[in-house]
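Right, one structure below, let's go through it.
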Amino acid sequence: MKFRACPLREGSLSLHAMSKRVRVRFAPSPTGGLHLGGVRTVLYNYLFAKKHGGDFLVRIEDTDQSRYVPGAEEYIFDTLKWCGLEPDESVQYGGNYGPYRQSERKATYRQYAEQLVKDGHAYYAFDTPEELEKMRHDFKTEQNSSPQYDSNIRMKMRNSLTLAADETEKLLAEGTRHVIRIKIPLHETVSFTDMIRGQVSFDTSVVDDKVLLKADGMPTYHLAVVVDDYLMKISHAFRGEEWLPSAPVHILLWKYLFGLENMPQCAHFPLILGPNGKLSKRDGAKYGFPVFAMSWNDPKTNELTEGFKEKGFLPEAFINLLALLGWNDGTEQEIFTKEELIEKFSLERVHSAGAKFDYEKAKWFNHEWIKQSAVGNLQLAVKNLLAQNGITVGNDALLEKVIGLVKDRCVLLPDFVQQSSFFFKAPETLDVDAVKPKWDEGKKNFFVAYAEKSQAAAEWNATVLENTFKDLAGEKGIKPGELQLPFRIMLVGGKFGPPVFNIAELLGKEETIERINRAINMFG
RNA sequence: GGCCCGUUCGUCUAAGGGUUAGGACACCACCCUUUCACGGUGGUGAUACGAGUUCGAAUCUCGUACGGGCUACCA
């Protein structure tokens, strides 16, 4: 980390971290939802910025209207909010370097694109999509399965390099559809230092003349990212590994436009992989786990993709598991709060290899977080979940006790429904089959007596209940163990839940006795 | 096809020239528990392959193989 010495008024010297600004870009389009890899990119950017006392900013990429999905932008910010990763600057949160939405910066991008043409680093291209397709077809060979618009091809196409100057002028004056392409130099080695991978080099002869400004006047990512990073004074640019191959284009643009010395430091994060390569939206449905942070309902296809939130993950657990997918602090610690992550995160310890997502381990993280969560942190979510299942909780104090009692056995939030419904509502059906084969008069008599004894009990708690139960069983000559399962079925309805006597304690005297009597009749 | 990145138990990973290659998830066994879990103890299980450098290589170098990414007027 770099430091800059700052003299204080008193004359002493103190070290201040140089201000860091990192940014993340979002397209409110591709699939709409923010998938695992996207959120992790945000997370690492966020952690880095916060750790170094810098600013974390989000830019919105609404470059391609045909792909723009309504609602996606709001969705992005909802997701960031749920994850606790709100940016310091963005369309929604404001800041001093706006506008942050790409479509509102069109004039700026054009200005720099024209500048490049003037300096001989870019050119106008008038080729139609059909002509491009023809080119790709005509020049396709066995050695080159996908020909690029590059130094070999460009002189055979219709652009300001091949056309006479007055012809170009005329086409432009007529408003002919055109794009601006970067003119990649012939044989030049472009290299840069990636904070995770070290030095990476490319030969420009394999880079194509990327479109910088599209026919509709919108910039491509390549132009926008460089111009914005400069104008918004970005110091660090981190993104996914899938961007590595386009880095040379960006380096060249920095060189031509703003100077290499002003280029942000960059890092490319490893990909998050699904069972088969890069994690895709399809993998979720295919393998049965969520790939989006929050449920995304595609307004175009009306297709719903379930998210981690709706699946019952705690946001704390979600960012925890994401952080550990490609990074660790070198110790054996695995459970981190956001604050700890900020404190301990370091780019040097981010892996360079892709990480395959494991849903089982993800669930383990959530389980750990539920177990260590304070009851208050869970209460609202559980209450809502119960309400969704038709159970209204009238007694919050009881709910608190119930959550405390059952949270150790809940992996996902919805598990609370099964584990705690019966505290608020008597089970509608009892697992009679589990009891009947061994049910007899002796047991029936026991429970009739136990109900009577309970009625008379002066104290009502698990210990007293259990002692009474065991004493009575002894008197009747029945093993207490044989009576516990029927008792559980009576109260819970099935073979699950916390220890029976704890359940009875929370249920209270009246309810417990009522359930015993009701069940005795059902067992016959 | 070309270019780039990568490769330690099934999965996430630790080990920065010298360790019986460590931990976690999952799995198995036992203990605890007469429900289901939690928890505890133990177990199975990895340095892709081949050369080289070195007294010594998971670690450094090269090659091979395999995996992934990119190769759009998408990001």
Side-chain angles (χ1 to χ4, degrees), chain A residues 25-27 29-30 38 61 63-64 66-67 125 127-129 132-133 136 140-150 177-181 194 196-197 200-203 205-208 210-222 224-225 239-248 268 270-271 273 275-278 321 324-335 351-365 367-368 371 406-411 415 418-419 431 434 479-489 492 494-500 503:
Chain A
R25 305 183 69 91
F26 285 115
S29 49
E61 191 103 28
T63 169
D64 190 335
S66 67
R67 287 161 58 89
D127 317 280
T128 63
L132 288 174
E133 204 175 308
R136 291 196 185 99
K140 189 170 175 174
T141 60
E142 266 184 38
Q143 287 77 28
N144 188 0
S145 65
S146 55
Q148 309 191 98
Y149 204 118
D150 59 16
R177 278 180 77 83
H178 67 277
V179 301
I180 293 181
R181 285 183 182 269
D194 183 289
I196 294 172
R197 278 150 229 280
V200 183
S201 307
F202 294 85
D203 190 310
S205 58
V206 299
V207 183
D208 64 330
K210 291 270 181 246
V211 169
L212 261 20
L213 203 70
K214 300 193 272 186
D216 62 2
M218 288 291 277
T220 57
Y221 175 88
H222 310 295
V225 78
R239 74 248 278 199
E241 193 188 340
E242 71 269 29
W243 285 105
L244 209 39
S246 57
H268 292 88
L271 262 13
L273 276 10
N276 290 306
K278 191 175 159 186
L321 71 91
L324 273 282
L325 217 47
W327 171 88
N328 73 85
D329 76 339
T331 71
E332 282 171 7
Q333 183 177 353
E334 295 199 84
I335 303 299
H351 258 241
S352 45
K356 201 174 280 184
F357 175 69
D358 180 3
Y359 191 45
E360 292 306 318
K361 180 109 188 198
K363 286 193 286 193
W364 174 81
F365 274 106
H367 191 188
E368 292 300 308
K371 281 194 289 177
V406 305
K407 66 179 178 141
D408 280 7
R409 51 195 77 212
C410 296
V411 175
D415 294 343
Q418 200 214 23
Q419 293 292 336
D431 187 355
K479 282 186 215 152
E482 290 189 18
L483 294 162
Q484 280 202 25
L485 184 66
F487 191 30
R488 168 174 299 280
I489 305 282
V492 177
K495 290 191 269 188
F496 58 88
V500 252
I503 297 174

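So that the names make sense, note that chain A is the first sequence line, chain B the second, and so on, each numbered from 1.
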In whole Å, measure the gap between the [atom1] atoms of [N] and [M] for me.
N     : M     : atom1 : answer
B:G23 : B:C9  : C1'   : 12 Å
B:A58 : B:G18 : C1'   : 13 Å
B:C25 : B:G2  : C1'   : 39 Å
B:A75 : B:C66 : P     : 34 Å
B:C49 : B:A57 : C1'   : 15 Å
B:U19 : B:U8  : C1'   : 14 Å

Would you list the protein and nucleotides 39-41 of chain B atom pairs, both N or O, that sit under 3.5 Å from each other?
{"from": "B:G39", "atom 1": "OP1", "to": "A:K371", "atom 2": "NZ", "distance (Å)": "2.8"}

Across all strands, who's sitting opposite [N] as a Watson-Crick or G-U wobble pair, both distances under 3.5 Å?
N     : result
B:C30 : B:G40
B:G50 : B:C62
B:C9  : none
B:A15 : none
B:A72 : none

Looking at [X], I'd like to know whether one of its side-chain N or O atoms comes within less than 4.0 Å of OP1 or OP2 on [N].
X      : N     : result
A:H222 : B:A75 : no
A:R136 : B:C73 : yes
A:R25  : B:A75 : no
A:N328 : B:C12 : no
A:K214 : B:C74 : yes

Once you apply a heavy-atom cut-off of 4.0 Å, does [X] come out as touching a base, just sugar-phosphate, or nothing?
X      : answer
A:G240 : nothing
A:R177 : nothing
A:P270 : nothing
A:D194 : nothing
A:V211 : sugar-phosphate

| First of A:W243 and A:Q143 reached from the 5' end of RNA chain B, by closest nucleotide |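 Result of the comparison: A:Q143.
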
| request: Measure the acute angle between the ring planes of A:W243 and A:H222, then classify it against the limits of 30° and 60° as parallel, tilted or perpendicular. | output: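 It falls in the perpendicular class, over 60°.
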
| Which nucleotide sits closest to the side chain of A:E242: B:C5, B:G6, B:G69? |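 Of all the options, the side chain of A:E242 is nearest to B:G69.
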
| So which nucleotide from B:G69, B:G2, B:C25 ends up closest to the side chain of A:K278? |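 Among B:G69, B:G2, B:C25, the one nearest the side chain of A:K278 is B:G69.
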
| task | In plain terms, say whether A:K371 and A:E368 are close enough for a salt bridge, that is, a side-chain N and a carboxylate O under 4.0 Å apart. | result |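 So A:K371 pairs with A:E368 through a salt bridge.
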
| query | For B:C38, is chi within 90° of 0 (syn) or not (anti)? | reply |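 Here B:C38 takes the syn form, which means its glycosidic angle is within 90° of 0.
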
Could you tell me whether the side chain of [X] and the main chain of [Y] form a donor-acceptor pair under 3.5 Å?
X      : Y      : value
A:D194 : A:H268 : yes
A:D208 : A:K210 : no
A:H178 : A:K214 : no
A:R488 : A:F496 : yes

| request: Round to the nearest Å and state the distance from A:D408 atom CG to B:U33 atom C1'. | output: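 It is 14 Å, rounded to the nearest whole Å.
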
| Distance-only donor-acceptor test, A:R409 side-chain atoms vs B:C36 base atoms, 3.5 Å |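 Yes, a donor-acceptor pair under 3.5 Å.
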
| So does A:K210 reach the base of B:A72 with its side chain, donor to acceptor, closer than 3.5 Å? |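 It does not, because no donor-acceptor pair links the side chain of A:K210 to the base of B:A72 below 3.5 Å.
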
